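Report on the structure given below.
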There are 2 protein chains.
Amino acid sequence: MLSYTEENYLKALLKLSFQNEDKPEAGTNEMAAHLGVKPATATDMLKKLKEKDLVNYKKYGKILLTESGKQQALVILRKHRLWETFLYEKLDFSWDEVHEVAEQLEHIQSSKLVDKLEEFLGFPEFDPHGDPIPKANGDLPILEKVLLSEVKEGETCQVVAVKDTSTVFLQYLEKLQITIGTPIKVLERIDFDGSMSIQISDQEARNVSMKFAESLFITLHHKICQQK
Amino acid sequence: MLSYTEENYLKALLKLSFQNEDKPEAGTNEMAAHLGVKPATATDMLKKLKEKDLVNYKKYGKILLTESGKQQALVILRKHRLWETFLYEKLDFSWDEVHEVAEQLEHIQSSKLVDKLEEFLGFPEFDPHGDPIPKANGDLPILEKVLLSEVKEGETCQVVAVKDTSTVFLQYLEKLQITIGTPIKVLERIDFDGSMSIQISDQEARNVSMKFAESLFITLHHKICQQK
DNA sequence: TATAAAAGTTAGACTTACCTAACAAATGTT
DNA sequence: AACATTTGTTAGGTAAGTCTAACTTTTATA
Ligand SMILES: [Mn+2]
Ligand SMILES: [Mn+2]
Ligand SMILES: [Mn+2]
Ligand SMILES: [Mn+2]
């Protein structure tokens, strides 16, 4: 059985592997930064995880999850996202509050609990941030999504996920009344600074920055998403 | 903030204080046994908890929670029992499965979570074992309860709690179709060995041992309890 | 290609929570 | 009261997870 800490290292490695899509590897410093520890600490742990055959690791080499490590990491991510969904859907937590608590809940050991929770929630496919919830067998639901910044003038799309999950961003979205499923029409794109004028639902036109447009995932095909 | 382990020591002390009703004190060995550690370990921790002003402790003396320690212990017990109720009511866990998982869930830190969970469950007063759930302010709902072994011949009563929460006992109760709220009529008391003949709901008469009768709490006043 | 910068490792130390073995105090029993 | 038993403490040690400081390897750049 894995310790709380070991689980966090595996999950970090999985998330980094999603980030560096093509090469699902990570470096020691990258890992350490992600976990909020010093590189020396990460090195120690990586040696331990290698012993348990959870990562492929060689001195000064790149770090990669083994198949076993990846499966275990997926279970943790599954738990994290199911709990986030529970907090959001059932306990009225807001978009930006769920993550912190789910960081703790994801370590509760009970496979029955996870599966029953999933059932109780109606087998959701995506968490409150639009991220896919791994299935019990490790499968990840896929959703073709594009950044808002890719959308052409005149096109209408629908919000499906957030790229940035920081509190400031999530609270800004709340203020703009944007949530998963909200339709957005791109009225005008300003080449000068990458900003754009958009219409959120039936609200009045509003300008958003390039940074904003690059932090929001949308789908061009109108898709009915699970809503609150 | 308290560590997972410190919390367990406080909770153990609170539970022992309920057991030794008159004198809510505990001894080092008693504590150690309850927590599954060696007495030396308990001594170490008690010194630490004394430093934090959570327990009153003097060398070779009896151990007592301070007011602050008691309040913190009540919060943990509150979380434990609310989570047990959640697992039982919402996720279809059985009577004997809830405790183990609640042992982990009780350590999740988020006061919002506890209060929202309580609301979600409809402010339950008793957990699946019939034990009172501390309120947010620390109050404990009271229920006058008596052991089944106290009931006189011919009287009808209602199950309100279990004294023994072991898996064997809980599974036996399940087999007998006894749950919180089940009515029981005492048909005959056998003085010889303390056993009794009882009628469970509308079932046929059945004999139960003294040990059994001393493990089940009932109320003589018909009371409508929360049921599954 | 030589050198500087970045990335990664090792050694040694600290804290928490646990242990065993030896000891000390309190309590019970003849 | 003396002794034996139970109860509790101390000393010293271990493992996990963290740190800093010094070192090594790899990579980037002049
Ligand atoms: Mn999250
Ligand atoms: Mn999420
Ligand atoms: Mn319990
Ligand atoms: Mn209980």
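On a predicted model such as this, the values are computed, not experimentally measured, just so you know. Just so we're on the same page: letters track the sequence lines, and every chain starts at 1.
Side-chain nitrogen and oxygen atoms of B:Lys62 include none within less than 4.0 Å of the OP1 or OP2 phosphate oxygen of D:dT7. Distances shown here put a side-chain N or O of A:Tyr9 below 4.0 Å from the OP1 or OP2 atom of D:dT18. Proximity of B:Thr43 to the phosphate of D:dT9: a side-chain N or O atom is located under 4.0 Å from OP1 or OP2. When the side-chain nitrogen and oxygen atoms of A:Lys38 are compared with OP1 and OP2 of D:dA21, none of them lie within a distance under 4.0 Å. Taking only side-chain nitrogens and oxygens, A:Lys59 never comes nearer than 4.0 Å to OP1 or OP2 of D:dT26. OP1 or OP2 of C:dA7 has not a single side-chain nitrogen or oxygen of A:Thr28 nearer than 4.0 Å.
A salt bridge is defined here as a Lys NZ or Arg NE, NH1 or NH2 lying under 4.0 Å from an Asp or Glu carboxylate O, and B:Arg189 with B:Glu150 fails to meet this definition. Note on B:Glu106 versus B:Arg78: no salt bridge recorded, every NZ/NE/NH1/NH2 to OD/OE distance being 4.0 Å or above.
The interatomic distance linking B:Asp44 (CG) with D:dG12 (C1') rounds to 11 Å, in whole Å. What separates NZ of B:Lys50 from P of D:dG8 is a distance of 16 Å, to the nearest Å. Between B:Ile63 atom CD1 and D:dG8 atom P there is a gap of 7 Å when expressed in whole angstrom units. If you measure from atom CE of A:Met31 to atom P of D:dT18, you get 11 Å, rounded to the nearest angstrom. The distance from atom CG of A:Leu49 to atom P of D:dA16 is 12 Å, rounded to the nearest whole Å. In this structure, NZ of B:Lys58 is placed 12 Å from P of C:dA26, rounded to the nearest angstrom. Rounded to a whole Å, the CG atom of A:Asn29 is 9 Å from the P atom of C:dT9. For B:Glu25 and D:dT7, the CD to C1' distance is 15 Å, given to the nearest whole Å.
Using a 3.5 Å distance cut-off with no hydrogens or angles, the side chains of A:Ser94 and A:Glu97 do pair a donor with an acceptor.
With a 4.5 Å cut-off on side-chain heavy atoms, A:Trp83 and A:Leu121 do not count as touching.
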The test is side chain to side chain donor-acceptor pair (under 3.5 Å); show your working for A:Asp127 and A:His80 and say whether it passes.
CA-CA 9 Å; A:Asp127 82 2; A:His80 181 98; 5.9 Å; no
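Base engagement by B:Thr41 is indicated by at least one non-hydrogen atom pair under 4.0 Å involving a base atom. At the heavy-atom level, A:Ala42 lies nowhere under 4.0 Å from the strands shown.
Both A:Val37 and B:Leu46 lie near DNA chain D, and the one whose nearest nucleotide falls closer to the 5' end is B:Leu46.
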